[in-house]
Amino acid sequence: MMQIEQTNMTFPLWGLTIFILWTIAVVIMLLAVRIRHLSAGGSVKDFGTPNDDSLLWRLFRVQSNLIENLPLYLGVVFLLTVRGVSGTAVDVLIVVYILFRLVHSAVHIAGLDPKFRLLSLVIQLSCLVALNIMAVF
């Protein structure tokens with residue numbers, strides 16, 4: 001039987017765990033809003049109708065955005081883990097990335113000014129680029 005060595009949970013892996021749990025939480029919120037919408041006599045056709053005033057639409061977009069960004073973060077975590085790159089700079093960048101990923105979602109769900117989402121996205125992408133550079137070089 002093959003033995004698998006257990007790896008300690010690093011900041012990148014904790015970040016991945018938080019990312020996954022947040023994505024699941026958003027899916028649960030989306031399901032709850034969809035069920036409430038249908039219970040109130042709403043149509044299934046409303047699920048895909050772009051409408052920034054609709055919580056249903058905003059949750060759908062947040063869930064889609066999380067799914068779109070998960071592979072990018074997962075790739076960086078993979079590189080960092082395989083290359084054995086760690087340290088304070090990595091930990092700080094991971095915390096900032098995850099924090100602004102959550103902020104991005106919260107701003108979108110709340111329907112706040114999209115400029116805040118853009119700023120959050122710029123910070124997230126900057127973190128990913130920096131982490132990727134650290135993992136490769």
Closest approach of Arg34 and Leu56, non-hydrogen atoms and distance? CG-CD1, 3.3 Å
Spell out, yes or no, whether Val122 and Val92 are grouped together once hydrophobic residues are joined by side-chain heavy atoms under 4.5 Å, including indirect joins. no
Separation between CD1 (Ile94) and CD1 (Ile98), nearest 0.5 Å, reads 7.0 Å
Mind listing the side-chain donor-acceptor pairs of residues 75-88 below 3.5 Å, one per line with the distance, residues two or more places apart or on another chain?
{"residue": "Thr81", "atom": "OG1", "partner": "Val77", "partner atom": "O", "Å": "2.8"}
{"residue": "Arg83", "atom": "NE", "partner": "Ala135", "partner atom": "O", "Å": "2.9"}
{"residue": "Arg83", "atom": "NH2", "partner": "Val136", "partner atom": "O", "Å": "3.4"}

Pairwise distance CD1(Ile18) to CG(Leu102) - rounded to 0.5 angstrom: 7.5 Å
Output the distance between atom CG (Asp52) and atom CZ (Arg61), rounded to the nearest 0.5 Å. 9.5 Å
Apply side chain to side chain contact (heavy atoms under 4.5 Å, CB included) to residues Tyr73 and Leu128 and explain how you reach the verdict. CA-CA 7 Å; Tyr73 181 72; Leu128 287 181; 4.1 Å; yes
Please list all pairs meeting ring-ring contact (aromatic ring centres under 6.0 Å, His included) that have one or both residues in residues 103-137, counting only residues at least two apart or in different chains. none
Under 3.5 Å, which donor-acceptor pairs do the side chains of residues 35-43 form with other protein atoms, sequence neighbours left out?
{"residue": "His37", "atom": "NE2", "partner": "Ser43", "partner atom": "N", "Å": "3.4"}
{"residue": "His37", "atom": "NE2", "partner": "Ser43", "partner atom": "O", "Å": "3.2"}
{"residue": "His37", "atom": "NE2", "partner": "Asp46", "partner atom": "OD2", "Å": "2.9"}
{"residue": "Ser39", "atom": "OG", "partner": "Ile35", "partner atom": "O", "Å": "2.8"}
{"residue": "Ser43", "atom": "OG", "partner": "Lys45", "partner atom": "N", "Å": "3.0"}

Looking only at heavy atoms, what is the nearest atom pair of Val107 and Arg117, with distance? CG1-CG, 3.6 Å
Contacts of Phe11 that satisfy ring-ring contact (aromatic ring centres under 6.0 Å, His included) - sequence neighbours left out: none
At their closest point, which heavy atom of Pro50 faces which heavy atom of Gly48, and how far apart are they? CD-O, 3.2 Å
If you take all heavy atoms of Ser120 and Phe100, which pair is closest and at what distance? OG-O, 2.5 Å
Is the distance from the ring center of Phe47 to that of Phe60 below 6.0 Å? no
Not counting sequence neighbours, list each pair that qualifies as a salt bridge (charged side-chain N to carboxylate O under 4.0 Å, His left out) and has a residue in residues 98-114. Asp113-Lys115
Does Val62 share a hydrophobic cluster with Leu99, counting links as ILVMFWY side-chain heavy atoms below 4.5 Å and allowing steps through other members? no
When rounded to the nearest 0.5 angstrom, what distance separates CG in Leu131 from CG in Leu93? 4.5 Å
Hey, can you pull the donor-acceptor pairs under 3.5 Å for the side chains in residues 22-33, sequence neighbours left out?
{"residue": "Trp22", "atom": "NE1", "partner": "Ser105", "partner atom": "OG", "Å": "3.0"}
{"residue": "Thr23", "atom": "OG1", "partner": "Phe19", "partner atom": "O", "Å": "2.9"}

In terms of hydrophobic clustering (I, L, V, M, F, W, Y; side-chain heavy atoms under 4.5 Å; direct or indirect links), are Leu66 and Ile123 co-clustered? no
To the nearest 0.5 Å, atom CG of Leu125 lies from atom CG of Leu72 at 7.5 Å
With distance as the sole criterion, is a donor-acceptor pair present between the side chains of Ser64 and Glu68 under 3.5 Å? no
Of all heavy-atom pairs between Ala89 and Met134, which one has the smallest distance, and what is that distance? CB-CE, 3.6 Å
